[in-house]
Protein chains: 2
Amino acid sequence: MLHSPVLEALGRRITGGALPAGATLTLDGIGAEFGVSRTVAREAMRLLEGLGLVRSGPRVGIVVLPHDAWNVLDPRVIEWRLAGPGRASQLRSLTELRQAVEPLAASCAARGATAAVRDELVATARRMRELGEAGKGDGEEFLALDIQLHELLMRSSGNELFSALADVVAVVISGRTHLGLMPAYPEPEALDAHEAVALAVARGDGAAAEEAMARIVREVRGALGEGPAGKG
Amino acid sequence: MLHSPVLEALGRRITGGALPAGATLTLDGIGAEFGVSRTVAREAMRLLEGLGLVRSGPRVGIVVLPHDAWNVLDPRVIEWRLAGPGRASQLRSLTELRQAVEPLAASCAARGATAAVRDELVATARRMRELGEAGKGDGEEFLALDIQLHELLMRSSGNELFSALADVVAVVISGRTHLGLMPAYPEPEALDAHEAVALAVARGDGAAAEEAMARIVREVRGALGEGPAGKG
DNA sequence: CCTCACCTATTGGTGACACCATTATGCCGT
DNA sequence: ACGGCATAATGGTGTCACCAATAGGTGAGG
């Protein structure tokens, strides 16, 4: 897959703003810069086109599109934007989406999760509490548990669209930690809420699961600041 | 763009189940069937790969992936699946997503919408009521207004991720009507709720907008049946 | 019957070519 | 001098022939 590095580089350049809307590229230019043939450059361009980042036409070259044409829900675009400037703003937008989706997903999971998943959720929440109360709430292990719990919930919601958003949630949680936006040690209320979600799902109480998850996400959003999510 | 018809046809075939997971294709086969060169077939395949529908490797050909690898949030995939069998199930999944997102989007719009948008929302809701009470709630004009109102709300939420979901909401609303899942004439409560959302946004009352939008989506979901959204 | 080596099918990648749409240039007429 | 139309240059679109790499089947041999 020779086109992957080209796709990555151009994707990051565009989403990062280094190639602003209206900028033009040519296949020969891309080929020359990356040392690939026109065919490979064309393939990378097609992928970019599929993501809504560029549009190509005869004589005009490959034109970078304004950001409101981008497939901002595509995991690749999300990852690129989280790695570039404006990641804080992107994180706010994503957190708002989490705020919308996760409570309902938790409610659905309470209805549809398998017995195994219910057990695992409870076990995960318990381990989170143990780690958190042992003062290890800032490590990678705690982060992994946090992600696992949220991902399990999304994937057990019985709604494939929510499942598809599980990756997004994972990257948001991880991004928040690695950007230093987490409290150094998880607050007791957060631990309580995570455990409450797990227990509510385990006993099939959708309303309680939804409420507890809403508490979690509200807290997350509060930590990110109340301002409206920007466009960057 | 010679590859478009190929992409369309194969995309629909895969998402529709005519090409089940594990089925294999070859570039030459695609080229022969559609009368295009291998290059074009390869480009179509790349796009399909970008959508998570297939994976290609030397000697193994192009393998159709199981549906949990699909980019189910991509507008193209959504459209294809809505056009194929299992559209009712797909509509349920999408409606669940609407249920999650639209209330929060309405709340955000109440904070962030421009004065022009607020006016247009109110005017749109008013025209919807007029049409509905005139017995024309089943026509294309009413549908267009309905879509316009929801789209305006999503796009004015100030969150680009919600904006990206506006297309999805539009296609869901339109699909629901054209699949005959709408009541022949809109119920008075629906008209009330739409107007309530518009007025709440107009006066900047986020909580009321959220509550009214939740009423709308709950009603929609009720009409689709309460069963869990399937996978097809 | 199992194992291993080889063979072949099929994708990955390249370069050259013809084609065509679009844009810009420049000419000509008013 | 200005505006409209013809023409040329530019750069994507599509095809072809070719080579490299690889994976999976096949057949021979133990």
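Within every chain, numbering begins at 1; the chains are lettered A, B, ... in the order of the sequence lines, protein sequences first and strands thereafter.
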Task: Which residues share a side-chain hydrogen bond (donor to acceptor under 3.5 Å, both in side chains) with A:Asp28, sequence neighbours left out - done: A:Arg38

Task: For B:Glu79, side chain to side chain contact (heavy atoms under 4.5 Å, CB included) partners two or more places apart - done: B:Arg12

Task: Which residues share a salt bridge (charged side-chain N to carboxylate O under 4.0 Å, His left out) with B:Asp68, sequence neighbours left out - done: none

Task: side-chain hydrogen bond (donor to acceptor under 3.5 Å, both in side chains) involving A:Glu141 - partner list, sequence neighbours excluded - done: none

TODO: Mind checking side-chain hydrogen bond (donor to acceptor under 3.5 Å, both in side chains) for A:Arg127 and listing every partner two or more places apart, or none if nothing turns up?
DONE: none

- [ ] Provide, to the nearest angstrom, the distance between the CD1 atom belonging to A:Ile62 and the P atom belonging to D:dG11.
- [x] 11 Å

Open item on the list: Check whether A:Arg76 reaches the backbone of B:Gly50 with its side chain - one donor and one acceptor, N or O, closer than 3.5 Å.
Closed with: yes

- [ ] Would you mind reading off the distance between A:Phe34 atom CZ and C:dG13 atom P, rounded to a whole angstrom?
- [x] 15 Å

- [ ] Would you jot down, in residue-number order, the residues of residues 38-53 of chain A having a non-hydrogen atom under 4.0 Å from DNA chain D?
- [x] A:Arg38, A:Arg42, A:Met45, A:Arg46

- [ ] Take atom NE2 of A:His3 and atom P of C:dG13, then tell me their distance rounded to the nearest Å.
- [x] 7 Å

Task: salt bridge (charged side-chain N to carboxylate O under 4.0 Å, His left out) against B:Arg118, all qualifying residues, sequence neighbours excluded - done: none

Open item on the list: Just to verify, what does A:Arg126 make a side chain to side chain contact (heavy atoms under 4.5 Å, CB included) with, not counting sequence neighbours?
Closed with: A:Val122, A:Glu130

Task: Contact list for DNA chain C against residues 20-27 of chain A - heavy-atom distance below 4.0 Å - done: none

Are there any protein N/O atoms within less than 3.5 Å of an N/O atom in nucleotides 6-10 of chain D, and if so, which ones and at what distance?
{"residue": "D:dT10", "atom": "O4'", "partner": "A:Arg59", "partner atom": "NH1", "Å": "2.4"}

Open item on the list: Quick check: do B:Met1 and A:Glu49 have side-chain heavy atoms less than 4.5 Å from each other?
Closed with: yes

- [ ] Could you list the residues that satisfy salt bridge (charged side-chain N to carboxylate O under 4.0 Å, His left out) with A:Glu120, not counting sequence neighbours?
- [x] none

Task: Length of the CE-C1' vector between B:Met1 and D:dT15, whole Å - done: 18 Å

TODO: Rounded off to whole Å, could you give me the CD1-to-C1' distance for the A:Ile30 and D:dG12 pair?
DONE: 11 Å

Task: C:dG12 OP1/OP2 closer than 4.0 Å to side-chain N/O of B:Ser56 - done: yes

Open item on the list: Restricting to salt bridge (charged side-chain N to carboxylate O under 4.0 Å, His left out), what partner residues turn up for A:Glu102, sequence neighbours left out?
Closed with: A:Arg98

